Peer 1: 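This is the structure I have questions about; it appears just below.
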Amino acid sequence: MALLAPGSAVPSALVALVVFRPPAWACLLCFTSHKERVRICQIFAGIEGPELEKCEEAFTAAFKGLLDAEINYDERSHLHDAFTQMTHSLQEMATAQGSFKVAFPDAAEKMRKVIMQLKEVRACVPPCGLQEVARRFHCRGCYSTVCDLPLDCPVQDLTVTRGHQAKFSCTVNFQLPQEEITYSWKFAGGGVRTQDVSYFQDLPQARGNLARIRPVQPAHRGTFSCVILHDQLPLARLYFFLNVTGAPSRGESELQVSFREVLRWAPLEAEMIEPWRPSLGELLARPEALTLSNQCLLAAVAALASVSATLVVWMFFRWYFKGN
């Protein structure tokens, strides 16, 4: 599938992704079909005659206020079940010779309360992204829509001194699906600041939502792009313009050269973006790091270290006093 033009809204070519029209039976989610209305009114008012027409008009008038309802897309099955129960109740009331003038308004009020109790539609989170969690179902027309936002996010500027480290975090403000999320990284070199996909080349060595470059060199000046995909469908494209300035101190440069010789790293010119493997301090600084299990693990490690230190001190003093 072709990628969207940078900065553009979702085009008509992707209508299948934005507007999903369910099969005909799904219209029961918001309103009963004409066939069912006729069958209910025939039980209330007879097979034919002026009363049958009045019954159909009363049915339409009672439920007219629900036509413009918009619900959370994930709640459509609950609303379908509620309408099915309502239809059965009306049929039972019609069989018991009840009045449709009373039955229809009461049923419509019950359905309104059911809709009010459904999970609310999530708000769209600007400025970008295909946000499935905010998909809403429209009762009028029986179709669903997502946020009218572009896939391309604004370019984020990052200035790093030559020889230092650059970090990129491919994250968005809206909730992503739990499974089948992948990340694709690309780079547009030559110092260009762009969102034109034709300038970018793949960076297969970069994986995951976190990546870094170390040490940063002038050749790294340009735009890095991260595409978030769900089952190969792009959800958002993020852009990072890396501007490289200045130069490290002489001592820092010599230290970097020494480390590179000892560890046999690749030449500076050959380095590019790599997966981010954060240190313990960086991991603990993240909000989601201090979970209950992690806290228990840290407490166990601290307790073990304390016991070990106490044992060493005790053995030392025992040896010392025994020798004297």
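What you see is a predicted model; the values in this text were computed from it and never measured. Just so you know, residue 1 is the first one in the sequence shown, and it goes up from there.
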Peer 1: Are any non-hydrogen side-chain atoms of Asn243 and Val160 less than 4.5 angstrom apart?
Peer 2: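 Asn243 does not reach Val160 side chain to side chain.
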Peer 1: Are side-chain heavy atoms of His138 and Thr145 found at a separation under 4.5 Å?
Peer 2: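 The answer is yes, as the side chains (C-beta and beyond) meet within the 4.5 Å cut-off.
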Peer 1: Is there a path from Val172 to Leu151 through hydrophobic residues (I, L, V, M, F, W, Y) whose side chains come within less than 4.5 Å of each other?
Peer 2: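 Yes, it is one cluster - the side chains of Val172 and Leu151 are joined through contacts under 4.5 Å.
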Peer 1: Please examine the side chains of Tyr199 and Phe187, heavy atoms only from C-beta on, and report whether any two atoms are closer than 4.5 Å.
Peer 2: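 Sidechains of Tyr199 and Phe187: no contact.
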Peer 1: Consider side chain to side chain contact (heavy atoms under 4.5 Å, CB included). Of Leu242, Val244, Thr245, which one does Arg221 pass it with?
Peer 2: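 Testing each of Leu242, Val244, Thr245 against Arg221, the sole residue satisfying side chain to side chain contact (heavy atoms under 4.5 Å, CB included) is Val244.
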Peer 1: Linking I/L/V/M/F/W/Y whenever their side-chain heavy atoms sit closer than 4.5 Å, directly or via other members, would Phe137 and Ile115 fall into one cluster?
Peer 2: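 Yes; tracing contacts between hydrophobic side chains, which count when under 4.5 Å, links both residues.
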Peer 1: Is there a path of hydrophobic side-chain contacts, each under 4.5 Å between heavy atoms, that joins Leu233 and Leu238?
Peer 2: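 Same cluster: Leu233 reaches Leu238 through Ile, Leu, Val, Met, Phe, Trp or Tyr contacts under 4.5 Å.
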Peer 1: Can you find a heavy atom in the side chain of Val114 that is under 4.5 Å from one in the side chain of Leu79?
Peer 2: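 Val114 vs Leu79: side chains touch.
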Peer 1: With sequence neighbours excluded, tell me which residues meet ring pair (Phe, Tyr, Trp, His ring centres under 6.0 Å) with Phe104.
Peer 2: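 Phe44, Phe59, Phe100.
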Peer 1: Are any non-hydrogen side-chain atoms of Leu210 and Cys170 less than 4.5 angstrom apart?
Peer 2: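 The answer is no, as the side chains (C-beta and beyond) never meet within the 4.5 Å cut-off.
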Peer 1: Would a hydrophobic clustering, with Ile, Leu, Val, Met, Phe, Trp and Tyr connected at side-chain separations under 4.5 Å, put Met86 with Ile40?
Peer 2: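 Looking at the clustering, Ile40 is in the same group as Met86.
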Peer 1: Does the distance from a Lys or Arg side-chain N to an Asp or Glu carboxylate O, for Glu132 and Arg135, drop under 4.0 Å?
Peer 2: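 Judged by the 4.0 Å cut-off on N to carboxylate O distance, Glu132 and Arg135 do form a salt bridge.
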Peer 1: To the nearest 0.5 Å, what is the distance between SG on Cys147 and CZ on Arg136?
Peer 2: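 With rounding to 0.5 Å, SG (Cys147) is 7.5 Å from CZ (Arg136).
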Peer 1: Quick one: closest heavy-atom pair of Cys124 and Pro126, and the distance?
Peer 2: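 Shortest heavy-atom contact: O-CD, 3.4 Å.
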Peer 1: Under the side-chain hydrogen bond (donor to acceptor under 3.5 Å, both in side chains) rule, what pairs show up with a residue in residues 106-115, not counting sequence neighbours?
Peer 2: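 Residue pairs passing side-chain hydrogen bond (donor to acceptor under 3.5 Å, both in side chains), neighbours aside: Glu109-Arg112.
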Peer 1: To the nearest 0.5 Å, what is the distance between CD (Gln42) and CZ (Arg39)?
Peer 2: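 Rounded to the nearest 0.5 Å, the CD-CZ separation comes out at 9.0 Å.
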Peer 1: Does the side chain of Arg212 reach to within under 4.5 Å of the side chain of Phe168, using non-hydrogen atoms?
Peer 2: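 When only atoms from C-beta onward are counted, Phe168 and Arg212 do not touch, as no gap falls below 4.5 Å.
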Peer 1: Only distances under 3.5 Å count here; give the side-chain donor-acceptor pairs of residues 174-183 to other protein atoms, sequence neighbours excluded, each with its distance to 0.1 Å.
Peer 2:
from	atom 1	to	atom 2	distance (Å)
Gln175	OE1	Arg122	NH1	2.6
Gln175	OE1	Arg122	NH2	3.4

Peer 1: Measure the shortest side-chain to side-chain distance between Ser184 and Cys226 over non-hydrogen atoms and say whether it is less than 4.5 angstrom.
Peer 2: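 Side-chain contact under 4.5 Å: no.
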Peer 1: What distance do Arg237 atom CZ and Lys186 atom NZ have between them, rounded to the nearest 0.5 Å?
Peer 2: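 Here the rounded value is 9.5 Å.
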Peer 1: My understanding is that only one of Leu158, Val155, Thr194 makes a side chain to side chain contact (heavy atoms under 4.5 Å, CB included) with Phe241; could you say which?
Peer 2: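 Among Leu158, Val155, Thr194, the one meeting side chain to side chain contact (heavy atoms under 4.5 Å, CB included) with Phe241 is Val155.
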Peer 1: Mind running side chain to side chain contact (heavy atoms under 4.5 Å, CB included) on Thr87 and Glu36 for me, showing each step along the way?
Peer 2: CA-CA 8 Å; Thr87 302; Glu36 286 187 310; 4.1 Å; yes
Peer 1: With a distance cut-off below 6.0 Å to the six-membered ring centre and an angular limit of 45° from the axis, does Arg76 pair with Tyr73 as a cation-pi contact?
Peer 2: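 Yes, Arg76 and Tyr73 form such a contact.
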Peer 1: Which is it for Phe240 and Phe224 under the ring pair (Phe, Tyr, Trp, His ring centres under 6.0 Å) test, yes or no, and what are the steps along the way?
Peer 2: CA-CA 5 Å; Phe240 309 89; Phe224 292 85; 8.2 Å; no
Peer 1: Side chains of Glu75 and His78: any donor to acceptor distance under 3.5 Å?
Peer 2: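 There is such a pair between these side chains.
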Peer 1: Determine whether Val125 and Gln131 make a side-chain contact, defined as any pair of heavy atoms from C-beta on separated by less than 4.5 Å.
Peer 2: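 A side-chain contact under 4.5 Å exists here.
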Peer 1: Which atoms form the tightest heavy-atom contact between Ala45 and Cys55, and what is the distance?
Peer 2: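 Looking at all heavy atoms of both residues, the shortest contact is CB-CB, 4.4 Å.
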Peer 1: Distance from Asp152 atom CG to Leu149 atom CG, nearest 0.5 Å?
Peer 2: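 So the gap between those two atoms works out to 12.0 Å.
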Peer 1: Kindly work out whether a path of hydrophobic side-chain contacts (I/L/V/M/F/W/Y, heavy atoms less than 4.5 Å apart) joins Leu67 to Val121.
Peer 2: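 No, no single cluster joins them.
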Peer 1: Give the C-alpha distance, both sets of side-chain angles, the deciding distance and a yes or no for side chain to side chain contact (heavy atoms under 4.5 Å, CB included) between Val216 and Arg162.
Peer 2: CA-CA 5 Å; Val216 170; Arg162 177 180 179 178; 5.8 Å; no
